[in-house]
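Let me begin by presenting the structure, written as structure tokens, before commenting on it.
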Amino acid sequence: MKSANKTIVAAAFLVLAILLSACNEPNPLVVCGREWNPGSQIVADTASEFDLKDQLIVQLRYGTGFDFDALKITFFEGTLANKGAEIWSHEARVSDKMSSYTLQGKSKHSGYMTAREMTRHKTPGTVVIEFSANGKLLASKEITLVKNK
């Protein structure tokens, strides 16, 4: 009877360990928005459709501290299902103390970059934003650019 109890306890600990390790897995998410909340360090207004003249701020929320030291952000023409040519990419240094990375820039005119400036896309259409590290895709998001919505 004692060995059966030990087996049950060992199995319970194994199940608990698997459940706890699953909770620590990062769940990357790309969030795009028009507004930045500097107090909480998050993109406040999430959206998938932007007027070319709207501000655009892109954030990767990783969930845990980054377990890599370089993050690659790439913008592509097209959709998630049919990704086209690369528009531009940027590599950023990150650390295990960070759990998110925000891509925002100052506009030539005032405020943050517009969707046109950030995506370097001058006409309406769709753009794919990808975040990757060590050659592995972490998360991606498709956004639609429109004119005068």
Side-chain angles (χ1 to χ4, degrees), residues 9-147 149:
V9 170
F13 276 118
L14 180 62
V15 168
L16 183 62
I18 290 170
L19 290 173
L20 289 175
S21 68
C23 292
N24 291 333
E25 287 293 315
N27 188 16
L29 174 67
V30 178
V31 180
C32 299
R34 295 174 186 88
E35 298 177 26
W36 170 246
N37 186 333
S40 59
Q41 299 287 304
I42 61 169
V43 175
D45 179 28
T46 61
S48 294
E49 183 177 288
F50 295 88
D51 194 292
L52 289 168
K53 63 183 180 195
D54 286 342
Q55 292 183 132
L56 176 61
I57 301 166
V58 179
Q59 184 174 56
L60 171 69
R61 296 182 187 162
Y62 196 63
T64 63
F66 291 126
D67 47 2
F68 43 84
D69 58 1
L71 182 65
K72 185 176 182 182
I73 305 103
T74 311
F75 285 72
F76 292 96
E77 298 270 352
T79 64
L80 288 170
N82 191 14
K83 192 169 48 173
E86 180 180 313
I87 300 171
W88 69 276
S89 67
H90 171 72
E91 203 160 304
R93 305 294 298 163
V94 294
S95 73
D96 59 354
K97 294 177 177 43
M98 300 168 69
S99 61
S100 67
Y101 180 81
T102 306
L103 183 63
Q104 61 188 15
K106 296 287 182 187
S107 176
K108 296 176 196 172
H109 309 290
S110 67
Y112 295 114
M113 283 184 160
T114 63
R116 175 186 298 231
E117 292 169 319
M118 176 73 74
T119 62
R120 298 181 187 164
H121 206 264
K122 295 177 180 17
T123 59
T126 55
V127 174
V128 174
I129 305 166
E130 284 188 352
F131 285 85
S132 58
N134 300 327
K136 178 184 167 195
L137 179 64
L138 300 173
S140 59
K141 181 162 184 151
E142 177 183 320
I143 62 171
T144 303
L145 302 175
V146 297
K147 189 170 183 176
K149 62 176 181 173

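Atom set for the values below is all heavy atoms of this structure, side chains included, hydrogens, waters and symmetry mates excluded. In what follows, residues are counted from 1 in the order of the sequence shown.
Using modelled atom types, one finds a donor on one side chain and an acceptor on the other under 3.5 Å when comparing Tyr62 with Asp67.
For Leu29, the side-chain contact (heavy atoms from CB on, under 4.5 Å) partners two or more places apart in sequence, or in a different chain, are Val31. For Gln104, the side-chain contact (heavy atoms from CB on, under 4.5 Å) criterion is met by Trp36, Ile57, Thr102, Tyr112, not counting sequence neighbours. The salt bridge (Lys or Arg N to Asp or Glu O under 4.0 Å) search around Glu130 returns Lys83, not counting sequence neighbours.
Using a 4.5 Å heavy-atom cutoff, the side chains of Phe75 and Ser89 are not in contact. In this structure, the side chains of Asp54 and Thr114 stay at 4.5 Å or more apart for every pair of heavy atoms. Two residues are said to be in side-chain contact when any heavy atoms from C-beta on lie closer than 4.5 Å; Ser99 and Thr64 fail this criterion. Residues Leu52 and Pro124 meet the side-chain proximity criterion, which asks for heavy atoms closer than 4.5 Å. Contact of the Met118 side chain with the Trp88 side chain is registered, since non-hydrogen atoms from C-beta on lie closer than 4.5 Å. Counting only heavy atoms from C-beta outward, the side chains of Glu86 and Glu77 never approach each other to under 4.5 Å. By the 4.5 Å heavy-atom criterion applied to side chains, Arg61 and Pro28 are not counted as neighbours. Between Thr119 and Leu56 the shortest side-chain heavy-atom distance falls below 4.5 Å.
Of all the heavy atoms in Ala70 and Val94, the pair that sits closest is N-CG2, 4.0 Å. The nearest pair of heavy atoms linking Phe76 to Gly84 is CD2-O, 3.6 Å. Nearest approach of Gln55 to Arg34, heavy atoms of both residues: NE2-O, 3.1 Å.
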Leu80 and Ser140: CA distance, side-chain angles, deciding distance, side-chain contact (heavy atoms from CB on, under 4.5 Å) verdict: CA-CA 8 Å; Leu80 288 170; Ser140 59; 3.3 Å; yes
Test log, rule side-chain contact (heavy atoms from CB on, under 4.5 Å), inputs Phe50 and Ile143: CA-CA 7 Å; Phe50 295 88; Ile143 62 171; 4.1 Å; yes
Check step by step if side-chain contact (heavy atoms from CB on, under 4.5 Å) holds for Glu117 and Lys108. CA-CA 9 Å; Glu117 292 169 319; Lys108 296 176 196 172; 4.0 Å; yes
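The NZ atom of Lys141 sits 12.0 Å away from atom CG of Leu60, with the distance rounded to the nearest 0.5 Å. Rounding to the nearest 0.5 Å gives a distance of 9.5 Å between OG of Ser95 and CG of Asp69. One finds the NZ atom of Lys122 at 9.5 Å from the CZ atom of Arg120 (value rounded to the nearest 0.5 Å).
Side-chain atoms of Asn134 never come within 3.5 Å of backbone atoms of Lys136 as a donor-acceptor pair (strictly under, hydrogens ignored). A donor-acceptor contact shorter than 3.5 Å is absent between the side chain of Ser132 and the backbone of Gly135.
Each of Thr126, Val127, Ile129 was scored for a side chain to side chain contact (heavy atoms under 4.5 Å, CB included) with Glu142, with one residue passing: Thr126. Under the side chain to side chain contact (heavy atoms under 4.5 Å, CB included) rule, Gln59 has a single partner from Val43, Val30, Leu103, which is Val43.
Ring geometry, Tyr101 versus Phe131: the interplanar angle exceeds 60°, so the pair is classed perpendicular (tilted spans 30 to 60°).
The pair Lys147-Asp51 does not count as a salt bridge, with every side-chain nitrogen at least 4.0 angstrom from each carboxylate oxygen.
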